[in-house]
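Because the structure is a prediction, the values reported are computed rather than measured. In what follows, every chain begins at residue 1, and chains take the letters A, B, ... in the order their sequences are listed.
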Amino acid sequence: MQALEIERPPRSEAELLERASALAGRTLGELAQALAITIPEDPRRSKGLAGRLLERALAADAHGAPEPDFRQLGIELKSIPLDRRGRPRESTFVCSIRLADMETAYWESSRVRRKLARVLWVPIESAPDLPLPNRRIGAARIWSPSPEQERILREDWETLVGHIACGEFENLTAHRGRYLQIRPKAAHAGIRERAHDEAGAPTATLPRGFYLRARFTAGLFGDS
DNA sequence: TATTGATCATAT
DNA sequence: ATATGATCAATA
């Protein structure tokens, strides 16, 4: 694979999809080499690397901001690990949650809705015994939630955010939500973030994030 | 073995 | 400290 120069961000959805499609069939090892990035031996130390390689290769321009990866296009980039049956091996992180702000949050202006409005899914071949450098990039596809999907995403979001707004952090387990769920999102279980308790008084709890259940994303990749 | 809760890397 | 990129690993 030729060395990849860091290109300008794509100017259109078609151009983005074209660039992503050109990566299909390549391995992450080839991509890493073209970008002059070393893949760590220890899998624990390469979490998130597939996504970061794709961001670099496709010239995503959000650079860590809480916005879609391609800001001008409003398109979010998501890699998704698929097993040999074509099913997602993991849930998909969507965004972190500002726990103290949820009393005044609305679905219409939520980060979840903005990020999921338009997504470029890039499948990554994945199996426990397949080393990261050997995993192949699959055929990218653009997706937006159907009206029915968005209705349920919204229901989940409003229910989950409702619990946060009421300070009911005991109810914030990953068991809740049909498509969306809330799970810890922190360096370790001892981290705390400012929030409000049931009485509205300042408190602190484990930082959380929104995730899409694998059961949901499985439906986006045909063979469910 | 599917799911939940915990964790690892990088950048601002 | 908070955001991004996720997957690891213990549990049910």
Does a sphere of radius 6.0 Å around CZ in A:Arg89 hold more than 12 heavy atoms from other residues, nucleotides or ligands, not counting ones at 6.0 Å or beyond?
->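 Yes, enclosed.
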
Protein proximity profile, nucleotides 5-12 of chain B - base contact B, sugar-phosphate-only contact S, no contact -, cut-off 4.0 Å on heavy atoms = BBBBSS--

Any side-chain N or O of A:Thr92 under 4.0 Å from OP1/OP2 of C:dA6?
->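 The answer is no; no side-chain N or O of A:Thr92 sits under 4.0 Å from OP1 or OP2.
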
To the nearest Å, how far apart are A:Phe93 CZ and C:dC8 C1'?
->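 Checked: the CZ to C1' distance equals 16 Å.
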
Which whole-number value in Å describes the distance from A:Asp129 CG to C:dC8 P?
->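 For the pair A:Asp129 CG and C:dC8 P, the rounded distance is 12 Å.
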
Nucleotide of B:dT3, C:dT4, C:dG5 approaching A:Arg213 most closely (side-chain heavy atoms) =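 Nearest listed nucleotide: B:dT3.
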
Looking at B:dT4, C:dT4, B:dT3, which one has an atom nearest to any side-chain atom of A:Gln181?
->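 Comparing B:dT4, C:dT4, B:dT3 against the side chain of A:Gln181, the answer is B:dT4.
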
Contacts to DNA chain C from residues 101-124 of chain A, heavy-atom cutoff under 4.0 Å, which residues?
->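 Residues of residues 101-124 of chain A that come under 4.0 Å of DNA chain C are, in numerical order, A:Arg111, A:Lys115.
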
DNA chain C-proximal residues of residues 153-169 of chain A, any heavy atom under 4.0 Å =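 The answer is none.
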
Degree of bending, the helix from B:dT1-C:dA12 to B:dT12-C:dA1 (end axes from five pairs; round to 10°) |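 It comes to 20° between the two terminal axes.
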
Using a 4.0 Å heavy-atom cut-off across all strands, classify [X] as base, sugar-phosphate, or nothing.
{"X": "A:Glu67", "value": "nothing"}
{"X": "A:Arg98", "value": "sugar-phosphate"}
{"X": "A:Pro43", "value": "sugar-phosphate"}

Might you list the N or O atoms of the protein lying below 3.5 Å from N or O atoms in nucleotides 10-12 of chain C, with each pair's distance?
none

Got a sec? Which of residues 20-39 of chain A come in under 4.0 Å of DNA chain B, heavy atoms?
->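 Close to the strand, none.
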
Let me know, please, whether A:Glu76 or A:Glu193 comes out on the 5' side of the other along DNA chain C by nearest nucleotide.
->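 Result of the comparison: A:Glu193.
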
